[in-house]
Amino acid sequence: MDEVLRNVKEKDVEFVRLQFTDILGHLKNVAVDEDYLEHALNNKVMFDGSSVDGYGRVEESDMYLRPDLNTFSLLPWRPDTSQVARVICDVYRPDGYPYEGDSRGILKKAVEEAEEEGYTFQVGSECEFYLFHTDEEGCPTLLTHDRSGYFDLEPMDLGGNVRRKICLCLKKMGFVIETSHHEVGHGQQEIDFKYADALTAADNIITFKLAVKAVAKVNHLYATFMPMPKDDQPGSGMHINMSLVKDGQNIFYDRTNKNGNGLSDEAMYFIGGIMKHIKGLTLLANPLVNSYKRLAMGSEAPSYIAWSEHNRSPLIRIPDARGTATRIELRSPDAAANPYLLLAGCLKAGLDGIKNQTLPPEAVTENLSLLSPSELAKYQVERLPLTLEEAINEFEKDELVKDAVGSYISDLLIRTKRREWRNYCTSVTDWEVDQYLYEY
């Protein structure tokens with residue numbers, strides 16, 4: 001605590017944001033003045049949980065924020081004087097117990113259970129997003145002058161300057177930026193940062209989204225992580241790279257494995273566990289009505305439950321790197337996902353695969369998006385859920401995935417997402433008006 005207080009004084013910090021995340025993955029905060037900070041760091045800041053999605057009912061609304069001091073960081077897009085900092089918090093009940101609706105707490109619990117078995121869960125993410133113009137009132141549009149494609153550079157890449165500014169801000173916050181580049185879509189970007197343990201990785205994803213949006217706004221643009229903002233451009237995904245470490249070694253690597261691919265038995269079982277539970281995990285990975293328009297589009301967004309050592313069309317890909325960098329890449333999630341809940345679900349599913357020695361089916365070498373129904377039948381691959389409603393139903397059937405996030409959050413997610421699906425089904429869209437109004 002003393003180091004945080006000293007930093008606040010030396011860096012001329014006037015406000016500190018106590019940040020936490022609701023069950024939908026939205027970042028929330030309570031700001032405290034520097035004079036009140038010591039009180040906050042002693043876990044004495046209370047907020048009204050009944051006003052936050054997935055938090056307390058009216059009769060149990062008081063919740064306490066417990067700052068994780070390791071997450072203290074300045075917000076570099078703010079002014080150099082009277083600076084603003086943040087610290088990520090866990091949520092506790094007044095009786096001192098962790099709140100079962102706190103998604104960060106859910107991941108912490110899953111990580112601790114894995115550590116009791118000797119495993120450290122390592123995660124790296126690849127988040128894609130679009131940069132759009134804003135209108136005269138600062139509201140987002142779907143307009144961009146950027147007509148660049150994959151890996152293009154200036155002058156065609158009109159988002160390159162803002163992407164650099166985002167990277168510089170992230171570096172000041174302690175991120176190690178590995179690569180950044182223009183993605184396939186017009187105005188679409190990707191910034192990849194170094195992997196970390198699962199809790200830090202989830203914190204980083206939440207921080208990354210905040211920084212991207214904040215820097216875009218300062219530059220009079222709007223950044224969106226919406227999975228499919230335009231129907232004529234590729235969707236934005238959030239690929240999750242995963243590995244397990246035990247006794248200091250990446251146990252997904254085994255150069256002597258009989259398969260000859262450098263993957264250990266544990267890696268194969270982990271893949272098997274993810275594939276076994278992926279239908280139930282899909283609600284966590286793809287939580288919006290809009291998410292399924294990205295998955296339905298095909299291309300690099302997977303539609304089928306399959307894996308491959310090189311092919312980018314299946315659900316799971318194995319990057320070429322071996323040794324300490326051996327990992328599996330789950331390609332279906334999008335950045336609308338709550339990373340705490342998603343990683344908790346993936347960890348539980350993968351460890352279940354190891355526990356029960358669940359082998360995946362044979363790897364697929366062909367591009368699944370180009371195969372006919374009869375060719376797909378040959379591989380006996382199943383589809384991912386096609387709609388949010390189907391994903392809710394699959395989640396409701398999967399006891400392991402529900403257990404991973406806890407009964408409290410499971411029930412809330414099901415109710416919240418069923419309401420979202422009903423609202424969607426009863427809404428008249430522009431497409432329907434254009435298609436039917438004059439014809440009928």
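By the side-chain contact (heavy atoms from CB on, under 4.5 Å) test, Val218 pairs with no residue at all, sequence neighbours left out. Residues passing the side-chain contact (heavy atoms from CB on, under 4.5 Å) test with Asp320 are His310, sequence neighbours excluded.
At least one donor-acceptor pair under 3.5 Å links the side chain of Arg322 to the backbone N or O of Pro319. Formation of a donor-acceptor pair under 3.5 Å by the Asp68 side chain with backbone atoms of Asn70 is found in this model. For the pair Asn338 (side chain) and Ile23 (backbone), a donor-acceptor distance under 3.5 Å is present. At distances below 3.5 Å, at least one donor-acceptor pair connects side-chain atoms of Tyr292 with backbone N or O atoms of Asn286. When atom types are taken as modelled, the side chain of Asp403 and the backbone of Glu399 share no donor-acceptor pair closer than 3.5 angstrom. For Asn261 (side chain) and Leu263 (main-chain N/O), a donor-acceptor pair under 3.5 Å exists by modelled atom type. Side chain of Thr326 to backbone of Phe252: no donor-acceptor contact under 3.5 angstrom is found. Judged by distance alone, the side chain of Ser303 and the main-chain N or O of Ala296 form no donor-acceptor pair under 3.5 Å. In this structure a side-chain-to-backbone donor-acceptor pair under 3.5 Å is present from Ser308 to Val364. One N or O on the side chain of Asp334 and one on the backbone of Ala336 form a donor-acceptor pair closer than 3.5 Å.
Defined by atom type and a distance below 3.5 Å, a donor-acceptor pair is missing between the side-chain atoms of Thr141 and Asp135. With hydrogens and angles left out, the side-chain atoms of Glu390 and Thr387 include no donor and acceptor closer than 3.5 Å.
Of all heavy-atom pairs spanning Glu420 and Val289, the tightest one is OE2-N, 3.4 Å.
Side chains of Gln188 and Ser236 form a contact here, defined as non-hydrogen atoms less than 4.5 Å apart. Inter-residue side-chain proximity for Ile305 and Val381 is flagged as unmet; no heavy-atom pair is nearer than 4.5 Å.
Ion pair Glu266/Lys246 not flagged as a salt bridge, since none of the NZ, NE, NH1 or NH2 atoms sits closer than 4.0 Å to an Asp/Glu carboxylate oxygen. Salt bridge status for Glu112 with Lys109: absent, with no side-chain N to carboxylate O gap under 4.0 Å. A salt bridge does not link Glu128 to Arg294: none of the charged side-chain nitrogens sits closer than 4.0 Å to a carboxylate oxygen. A salt bridge links Asp90 to Arg104: one of the charged nitrogens lies within less than 4.0 Å of a carboxylate oxygen.
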Item to check | Candidate pair Asn250 and Thr324, rule side-chain hydrogen bond (donor to acceptor under 3.5 Å, both in side chains), full reasoning | outcome: CA-CA 6 Å; Asn250 183 344; Thr324 59; over 6 Å; no

Checklist entry - Step by step, would you call Arg317 with Asn241 a side-chain hydrogen bond (donor to acceptor under 3.5 Å, both in side chains)? => result CA-CA 9 Å; Arg317 183 179 78 95; Asn241 292 269; 5.8 Å; no

Next on the checklist: Checking Val111 against Asp197 for the side-chain contact (heavy atoms from CB on, under 4.5 Å) test, could you report, in this order, the C-alpha distance in whole Å, the side-chain angles of both residues, the deciding distance, and whether it holds?
Outcome noted: CA-CA 9 Å; Val111 166; Asp197 65 274; over 6 Å; no

Checklist entry - Under the side-chain contact (heavy atoms from CB on, under 4.5 Å) criterion, do Lys279 and Lys397 qualify, and how do the steps go? => result CA-CA 9 Å; Lys279 289 185 179 181; Lys397 291 188 295 186; over 6 Å; no

Checklist entry - Under the side-chain contact (heavy atoms from CB on, under 4.5 Å) criterion, do Arg86 and Thr207 qualify, and how do the steps go? => result CA-CA 10 Å; Arg86 75 91 200 267; Thr207 300; 2.7 Å; yes

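Less than 6.0 angstrom separates the ring centroid of Phe193 from the ring centroid of Phe208.
For the pairing with Tyr340, the side-chain contact (heavy atoms from CB on, under 4.5 Å) check across Ile106, Ile206, Ile409 returns one residue only, Ile206. Of the candidates Tyr99, Tyr64, Phe20, Tyr92, Phe20 is the only one forming a ring-ring contact (aromatic ring centres under 6.0 Å, His included) with Phe47.
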